[in-house]
Amino acid sequence: MTQQANTPIHDVLIVGAGISGIGLGIRLREAGFDNFVILEKAADLGGTWRDNTYPGCACDVPSALYSYSFAQKPDWSRAFAGQAEILDYVRDTANRHAIPDFIRFNQAVERAQWRESKNLWEVQTGDQLYLARTVVACSGYLHEPIVPNIPGLKDFQGKLFHSSRWDHDHDLSDERVAVIGTGASAIQFVPEIQPKVQQLSLFQRTPQWVLPKPDHSIPKIEENFFRLPFTLNAWRKMLFGGFETFGIGFRKPALLRQIQKLGEAHIRLAIKDPALRDKLTPDYTLGCKRVLMSNNYYPALNQDNVDVFATGLKEVRGNTLVGQDGSECEVDTVILGTGFFVTEPPIADHIFNDAGESLSEMWKDGMQAYRGTTIAGLPNAFMVLGPNLGIGHNSAFIVIEAQINYILSTLHTMRDQQLSRVEVKADSQKTYNRKVQKDLQGTVWNTGGCSSYYLDKNGFNSVGFPWSTLEMQRLLKDFDAESYSITPATQPVF
């Protein structure tokens with residue numbers, strides 16, 4: 001990296017203009033930190049809600065809870081908002097707080113490296129070098145699609161795309177379509193495309209627990225009620241409390257097995273064919289994988305033009321897909337509902353310590369961080385939605401805002417005490433993660449009998465959070481200087 005003499009130094013550099021980056025930008029401005037920049041790899045903001053535009057894309061968290069606490073929206077059209085409405089909300093919120101002024105679009109981070117001699121981060125994009133005192137990775141983990149390494153898939157002779165890169169120009173009408181994967185995206189788009197296609201072949205490696213979704217359009221009278229003082233916030237708190245109660249089950253799986261009976265009843269009522277019902281019934285505890293909700297997924301699978309292959313995909317021969325059990329089907333289009341890189345976030349390949357070691361190399365035995373936010377060996381750096389902050393029962397906004405509070409508390413301390421460098425101590429990180437892993441042992445992710453994105457390739461749980469969201473908020477409320485090595489600045493900073 002070549003530093004130009006006139007390269008400005010930003011107090012904070014944020015990677016990613018999704019929900020996390022925009023929320024942090026708003027809070028930075030409110031706290032008087034105006035010398036920051038947001039680098040966004042795409043030409044527009046919005047993160048996962050910009051990228052995922054597949055038919056039926058919607059949130060599985062109630063709209064009133066899936067929003068910033070400081071920018072609540074009283075006029076959602078549905079109890080569970082769709083992708084377009086969520087993206088509009090994110091854009092509107094960003095515009096109202098003038099956040100686009102701080103965003104540099106089409107600036108994908110190629111290399112971000114800490115320079116110990118300068119107490120600065122050097123961040124290189126394709127055509128720009130940025131300097132910053134602190135860096136915050138807000139790149140999330142639901143945007144970089146996994147394309148499975150299946151023999152012959154790259155040579156498939158028809159149309160092939162991932163659900164998060166939906167080809168809206170491709171007409172599926174009267175086509176033979178295969179869907180690979182049955183996760184959160186697939187259960188939303190399968191019912192949307194089923195009536196259009198000639199034949200739908202669904203390759204299901206592992207069945208999912210699917211609960212009924214209490215969704216409905218919001219009538220005007222309900223919207224007006226939420227415009228009254230305090231009502232929207234009160235409803236939000238009630239939802240939060242309800243989901244927190246549900247979350248106890250993730251730590252005490254015996255409780256989830258009671259809720260699992262609702263999932264079993266949902267299958268029995270919707271699927272009459274015993275053979276199909278057997279294919280769709282999981283053999284693990286509800287909550288071990290992400291809990292899904294849908295009212296139209298099972299009815300779609302009941303239709304005559306749908307075949308469910310309870311097998312993973314073994315290989316592709318021309319236009320023929322071959323399952324692990326030897327079953328075959330010929331298709332015109334393949335849609336990958338194969339998820340995203342969660343335990344191996346792509347941003348880790350682009351972040352380096354002073355010695356030139358990448359974060360991916362530092363995490364070769366599994367992702368670890370201190371309170372999911374700071375990482376030993378990377379001074380003045382933060383990660384939003386970092387290791388072991390994954391919750392299966394509440395809104396991601398709760399996690400994001402808790403982390404933003406911690407980051408702001410750290411920045412306030414650096415500004416007030418004029419610190420040039422803060423780095424979490426390796427012993428602090430090790431002690432914290434030892435406790436995390438100990439308390440994860442009894443959770444449904446570790447004991448529920450499934451493989452999921454909570455567990456990495458080594459079987460290490462680097463995603464799940466073992467305690468309540470209230471405990472998360474407590475842990476991330478204030479910067480705890482005793483857990484860090486701190487260095488006073490020799491000249492004014494911030």
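No hydrogens, no waters, no symmetry mates; every other heavy atom, side chains included, goes into these values.
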Asp480/Ser483 under side-chain hydrogen bond (donor to acceptor under 3.5 Å, both in side chains): CA gap, chis, key distance, verdict: CA-CA 6 Å; Asp480 49 325; Ser483 299; 2.8 Å; yes
Gln107 vs Thr125, side-chain hydrogen bond (donor to acceptor under 3.5 Å, both in side chains): CA-CA, chis, key distance, verdict: CA-CA 6 Å; Gln107 293 291 294; Thr125 63; 2.7 Å; yes
Set out, in order, the CA-CA distance, both residues' side-chain angles and the distance that settles side-chain contact (heavy atoms from CB on, under 4.5 Å) for Tyr68 and Glu401, then state yes or no. CA-CA 8 Å; Tyr68 302 108; Glu401 289 195 36; 3.9 Å; yes
Salt bridge (charged side-chain N to carboxylate O under 4.0 Å, His left out) evaluation trace for Asp11 with Arg133: CA-CA 5 Å; Asp11 289 335; Arg133 295 186 175 90; 2.6 Å; yes
Output, in order, the C-alpha distance, side-chain angles, deciding distance and verdict of side-chain hydrogen bond (donor to acceptor under 3.5 Å, both in side chains) for Asn405 and Arg27. CA-CA 9 Å; Asn405 287 339; Arg27 293 292 307 281; 3.0 Å; yes
Given the rule in the side-chain contact (heavy atoms from CB on, under 4.5 Å) test, do Leu385 and Ile400 qualify, once you have shown the distances and angles that lead to the verdict? CA-CA 7 Å; Leu385 297 177; Ile400 291 166; 4.0 Å; yes
Asp34 vs Arg29, salt bridge (charged side-chain N to carboxylate O under 4.0 Å, His left out): CA-CA, chis, key distance, verdict: CA-CA 6 Å; Asp34 286 316; Arg29 294 204 67 199; 3.5 Å; yes
Stepwise, does the side-chain contact (heavy atoms from CB on, under 4.5 Å) test hold for Leu256 with Trp209? CA-CA 11 Å; Leu256 283 179; Trp209 284 112; over 6 Å; no
Is there a salt bridge (charged side-chain N to carboxylate O under 4.0 Å, His left out) between Arg227 and Asp75 once you walk through the steps? CA-CA 8 Å; Arg227 291 185 183 277; Asp75 57 346; 3.7 Å; yes
Determine, step by step, whether Phe465 and Asn388 satisfy the side-chain contact (heavy atoms from CB on, under 4.5 Å) criterion, reporting the C-alpha distance in whole Å, the side-chain angles of both residues, the deciding distance to 0.1 Å, and the verdict. CA-CA 5 Å; Phe465 183 74; Asn388 290 112; 5.6 Å; no
Is there a side-chain hydrogen bond (donor to acceptor under 3.5 Å, both in side chains) between Ser67 and Gln72? Walk through the geometry before answering. CA-CA 6 Å; Ser67 57; Gln72 296 184 44; 5.6 Å; no
Salt bridge (charged side-chain N to carboxylate O under 4.0 Å, His left out) between Lys73 and Asp92, worked out: CA-CA 11 Å; Lys73 174 179 166 66; Asp92 179 64; over 6 Å; no
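Looking at Glu344 and Lys457, a side-chain N of the basic residue comes within less than 4.0 Å of a carboxylate O on the acidic one, giving a salt bridge. Ion pairing between Glu423 and Arg421 holds under the 4.0 Å rule for side-chain N and carboxylate O. Between Asp215 and Arg78 there is a salt bridge, since at least one side-chain N of the basic residue sits less than 4.0 Å from a carboxylate O of the acidic one. Of the charged side-chain nitrogens involved, at least one lies within less than 4.0 Å of a carboxylate oxygen, so that Glu40 and Arg50 count as a salt-bridged pair.
Around atom NZ of Lys430, no more than 12 heavy atoms belonging to other residues, nucleotides or ligands sit under 6.0 Å away.
The side chain to side chain contact (heavy atoms under 4.5 Å, CB included) test with Thr93 singles out one residue from Asp88, Ile19, Ile26, and that residue is Ile26.
Of the possible polar contacts, one joining the Thr245 side chain to the Gly241 backbone as a donor-acceptor pair under 3.5 Å is found. Side chain of Thr443 to backbone of Leu440: a donor-acceptor contact under 3.5 angstrom is found. Side-chain N or O atoms of Asp167 include one that pairs as donor or acceptor with a backbone N or O of Asp169 at under 3.5 Å. Under the 3.5 Å distance criterion, the side-chain polar atoms of Thr338 are left unmatched by any main-chain donor or acceptor of Pro148. Panel note: side chain Gln260, backbone Leu286; a donor-acceptor pair is recorded below 3.5 Å. Asp456 places a side-chain N or O within 3.5 Å of a backbone atom of Gly459 that can act as its donor or acceptor partner. Here the side chain of Lys477 pairs no donor or acceptor atom with the backbone of Met472 at under 3.5 angstrom.
The aromatic rings of Phe250 and Trp445 sit tilted, their planes meeting at an angle between 30° and 60°. Aromatic ring pairs are classed by plane angle as parallel below 30°, tilted from 30° to 60° and perpendicular above 60°; the pair Tyr432 and Trp467 is perpendicular. Ring geometry for Trp76 versus Tyr89: interplanar angle of 30 to 60°, hence tilted.
Phe352 carries Arg111 over the face of its six-membered ring, with the cationic atom under 6.0 Å from the centre and within 45° of the normal.
Rounding to the nearest 0.5 Å gives a distance of 5.0 Å between CG of Leu476 and OG1 of Thr373.
Side chains of Asn461 and Gln437: a donor-acceptor N/O pair is absent below 3.5 angstrom, by distance only. Side chain to side chain, Ser462 and Gln368 fail the donor-acceptor criterion of an N or O pair below 3.5 Å. Inspection of the His393 and Glu244 side chains reveals an N or O donor paired with an N or O acceptor under 3.5 Å. Side-chain contact check for Ser420 and Asn119: at least one donor-acceptor pair (N or O, by modelled atom type) lies under 3.5 Å. A donor atom on one side chain and an acceptor atom on the other are not found under 3.5 Å apart for Glu361 and Trp363. In this structure, a donor-acceptor pair under 3.5 Å is present between the side chains of Ser360 and Asp349. One side chain, Tyr484 or Thr374, offers a donor N or O that lies under 3.5 Å from an acceptor on the other. In this structure, a donor-acceptor pair under 3.5 Å is absent between the side chains of Asn353 and Gln113.
The disulfide bond (SG atoms under 2.5 Å apart) pairs that include a residue from residues 443-494 are Cys288-Cys450, where partners are two or more places apart or lie in different chains.
In this structure, Val436 and Pro466 approach most closely via the heavy-atom pair O-CG, 3.9 Å.
Here Phe494 and His412 keep their ring centres 6.0 angstrom or further from each other. In this structure, the ring of His168 has its center no less than 6.0 angstrom from the ring center of Tyr54.
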